[in-house]
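What you see is a predicted model, and the numbers here were worked out from it, not measured in a lab. Computation of the quantities below employed the complete heavy-atom set of this structure, encompassing side-chain atoms and omitting hydrogens, waters and symmetry-equivalent molecules.
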Amino acid sequence: GKFLDENDDTEFYMRLKVSKSEAKALVITRKKPVYPPIAIAAQVSGPVVLELLVGKTGEFQKLTVVSGPPMLQQAAIVAARNWRFKPMMVGARAVPYGIQLVFTFRVLNPSWTIVDVAP
C-alpha cells in the first residue's frame, strides 16, 4: 500500500484487469446494444468480446475487439462506449484498469432477438 501511494508511475506499471465478479461491482450504468437489422435478417448471432481500458475517474479510455462476428462488432462498440464505471482505488490513489465485456447476440426468429450483456 505505502509503496504504491508514493510511486507516481503506479498507474503505468499496475494496469489491473478485474475479474468478472469485481467488474459487476464497478459498473455504474450499462447500455445494451441495438441488434443491427441486417444481422437479424442474415441470422447472424454470437458473442462479441471487448476489452476496455477504464481511466482513473471511471471514464472509458480505450477499447479493443477481442472476438465476435464482424457484423455485430460495431453495435457492441457503440453500446460499450456508453457504459460508466466507478474508479478503482489502490491505496489512496485511483488507477486505470481493464475490464472485459461480452455482448451475446441471439436471433430466435426474425421477430425475436435477444442481447445478453455480461461484464
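Atom OG1 in Thr29 sits 6.0 Å away from atom CZ in Arg84 (nearest 0.5 Å). Here the CD-CG distance, from Gln43 to Leu108, works out to 9.5 Å after rounding to the nearest 0.5 Å. With rounding to the nearest 0.5 Å, the separation of OH in Tyr97 from CE in Met89 is 11.5 Å.
The shortest distance between side-chain heavy atoms of Met88 and Leu26 falls below 4.5 Å. Taking 4.5 Å as the limit, every side-chain heavy atom of Phe85 sits out of range of all side-chain heavy atoms of Phe60. Inter-residue side-chain proximity for Leu72 and Val44 is flagged as met; some heavy-atom pair is nearer than 4.5 Å. For the pair Phe103 and Val49, the minimum side-chain heavy-atom distance is 4.5 Å or more.
Nearest heavy-atom pair, Ala80 versus Leu63, reported as atom, atom and distance to 0.1 Å: CB-CD1, 3.8 Å. Closest non-hydrogen pair, Arg106 versus Ser45, comes out as CA-CB, 3.9 Å. Between Pro47 and Pro69 the shortest heavy-atom distance is O-CD, 3.4 Å. Nearest heavy atoms, Ala79 versus Lys31: CB-O, 3.4 Å. Of all heavy-atom pairs spanning Ile40 and Tyr35, the tightest one is CG1-CD2, 3.4 Å. The minimum heavy-atom distance linking Pro87 with Lys56 is given by the pair CB-O, 3.2 Å.
The cluster map of Ile, Leu, Val, Met, Phe, Trp and Tyr, joined by side-chain heavy atoms under 4.5 Å apart, puts Val54 and Val78 in different clusters. Hydrophobic clustering keeps Val34 apart from Val107 (ILVMFWY residues linked when any side-chain heavy atoms are closer than 4.5 Å, directly or through intermediates).
Of the possible donor and acceptor atoms, none in the side chain of Glu51 sits under 3.5 Å from a partner among the backbone N and O of Val65.
Residues that satisfy the salt bridge (Lys or Arg N to Asp or Glu O under 4.0 Å) test with Glu59, not counting sequence neighbours, are absent from this structure.
Remark: of the listed residues Val27, Val48, Leu52, Leu52 is the sole one forming a side-chain contact (heavy atoms from CB on, under 4.5 Å) with Leu101.
By the 6.0 Å contact criterion, CD1 on Ile38 is open, its count of non-hydrogen atoms from other residues, nucleotides or ligands being 12 or less.
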